[in-house]
2 protein chains.
Amino acid sequence: MICKIHAHSYDELDDIFPDSIKKTHQRLDILRILYHSKTPLSAAEIYEKLNSEHKDNGYAFSTIYRSLSAFEKAGTIVKTVLTTEDNAVYEYRNETHKHYAVCLKCHKKIPISTCPMHDIIDELAKSIPGFKVTGHQMELTGYCENCSKQ
Amino acid sequence: MICKIHAHSYDELDDIFPDSIKKTHQRLDILRILYHSKTPLSAAEIYEKLNSEHKDNGYAFSTIYRSLSAFEKAGTIVKTVLTTEDNAVYEYRNETHKHYAVCLKCHKKIPISTCPMHDIIDELAKSIPGFKVTGHQMELTGYCENCSKQ
DNA sequence: TTGGTTGCAAAATGTTTGCATGACC
DNA sequence: GGTCATGCAAACATTTTGCAACCAA
């Protein structure tokens, strides 16, 4: 089957797909989904998207999980666990990393545009002798506009 | 069975045990463990401690999980999920909440004494219109003194 | 061609739930 | 005594793994 749309949308991934792993169409699909998503996605959400887009061929959960860890290992995506869910979510690692405000009621994830940690992280790192900081995670919890009205 | 040790060590919990739930010896044991722990503990770690301390009577996982959610609901303890593990950890909610630096290799959790978010959280909340902030989570990742030597 | 990748099914892990027994107030 | 909590086992959800078939380089 010839699929122009895919052939086209794969182009944009050429720059970001890690050289260290094989370029399969499953992995390209997974990375494209994360690349375009505005919020981090769980393995189940990725599975949903894959199998609604490509009804003809199935995508297995094992493939998704294995691809996600391959991307994570390569540094292309980031895995995090939000306090409101008990599953992991994944997102494309933009040069500017993201943080989220999570609604405790409807579980909506609202991206926070700026990273306030940037300025204080070096200072903070000094208070932990010998620890080499490579990253950080931050999350606000509370209630979104809709849910706080009710 | 008369157990002086328990009768004694329970005293310190009188002030913090929530009125809203029944005071059973299982819950007292669980809360006492969390109260004394310097790092957040998983359900499995609590299970270990309980069953090594009290070899005579068994503690079920279901009891631990149910007790933990009861305490969490009452606001006595806090549940969080660290990025390095895929299970939840629980800690006693001190008036001064805690953050941790987590080693990506040995998974050691090093408490960060100060909360740098305090000063910036109000400012930050303004950037998310309508969102009511009730809490936050923060975590540094990297390598601890030992592991960064290797 | 060949080693890495996939899909399937089964296993492992962490957590939740139904139900009868038992303990707290 | 009545209600709520416990323990057990079984269910559940998420993630991992073994293995044969398959595909990208």
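Chain naming here is simple, since letters A, B, ... match the order of the sequence lines and numbering starts at 1 in each.
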**OP:** Working to the nearest 0.5 Å, report the span between CD1 of A:I64 and CD1 of A:I33.
**Re:**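 Result: 8.0 Å between the selected atoms.
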**OP:** Report the distance from atom OG1 of B:T80 to atom CD of B:E72, rounding to the nearest 0.5 Å.
**Re:**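 Separation between the atoms: 9.5 Å.
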In whole Å, what is the span from the [atom1] atom of [X] to the [atom2] atom of [N]?
| X | N | atom1 | atom2 | answer |
| --- | --- | --- | --- | --- |
| B:N51 | D:dT6 | CG | C1' | 14 Å |
| A:N87 | D:dC12 | CG | P | 18 Å |
| B:K22 | D:dC4 | NZ | P | 7 Å |
| A:H25 | C:dT5 | NE2 | P | 14 Å |
| B:I46 | C:dG14 | CD1 | C1' | 14 Å |
| B:Y59 | D:dA5 | OH | P | 16 Å |

Subject >> Close side-chain approach of A:Y100 and A:E139, heavy atoms under 4.5 Å >> reply: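 Counting from C-beta outward, A:Y100 and A:E139 never come under 4.5 Å.
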Subject >> Side chain to side chain, A:Y59 and A:I30, heavy atoms closer than 4.5 Å >> reply: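 Not touching, per the 4.5 Å side-chain cut-off.
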**OP:** Using a heavy-atom cut-off of under 4.0 Å over every strand shown, decide if A:A88 touches base, sugar-phosphate, or nothing.
**Re:**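 Answer is sugar-phosphate: A:A88 comes under 4.0 Å of backbone atoms only.
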Original post:
Mapping B:Y90 and B:K23 onto DNA chain C by nearest heavy atom, which one lands closer to the 5' end?
Top reply: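 Its nearest nucleotide being more 5', the pick is B:Y90.
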Subject >> Carboxylate-amine/guanidinium contact A:R32 A:E53, below 4.0 Å >> reply: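 A salt bridge is present here (some side-chain N lies under 4.0 Å from a carboxylate O).
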Original post:
For residues 61-69 of chain B, which residues have at least one heavy atom under 4.0 Å from DNA chain D?
Top reply: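 Close to the strand are B:S62, B:T63, B:R66, B:S67.
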Original post:
Just by modelled atom types, is the A:Y65 backbone N or O under 3.5 Å from a matching donor or acceptor in the A:S69 side chain?
Top reply: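 It does hold such a pair.
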Original post:
Are B:Q26 and C:dC24 close enough that a side-chain N or O sits under 4.0 Å from OP1 or OP2?
Top reply: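 No, because none of the side-chain N or O atoms of B:Q26 sits under 4.0 Å from OP1 or OP2 of C:dC24.
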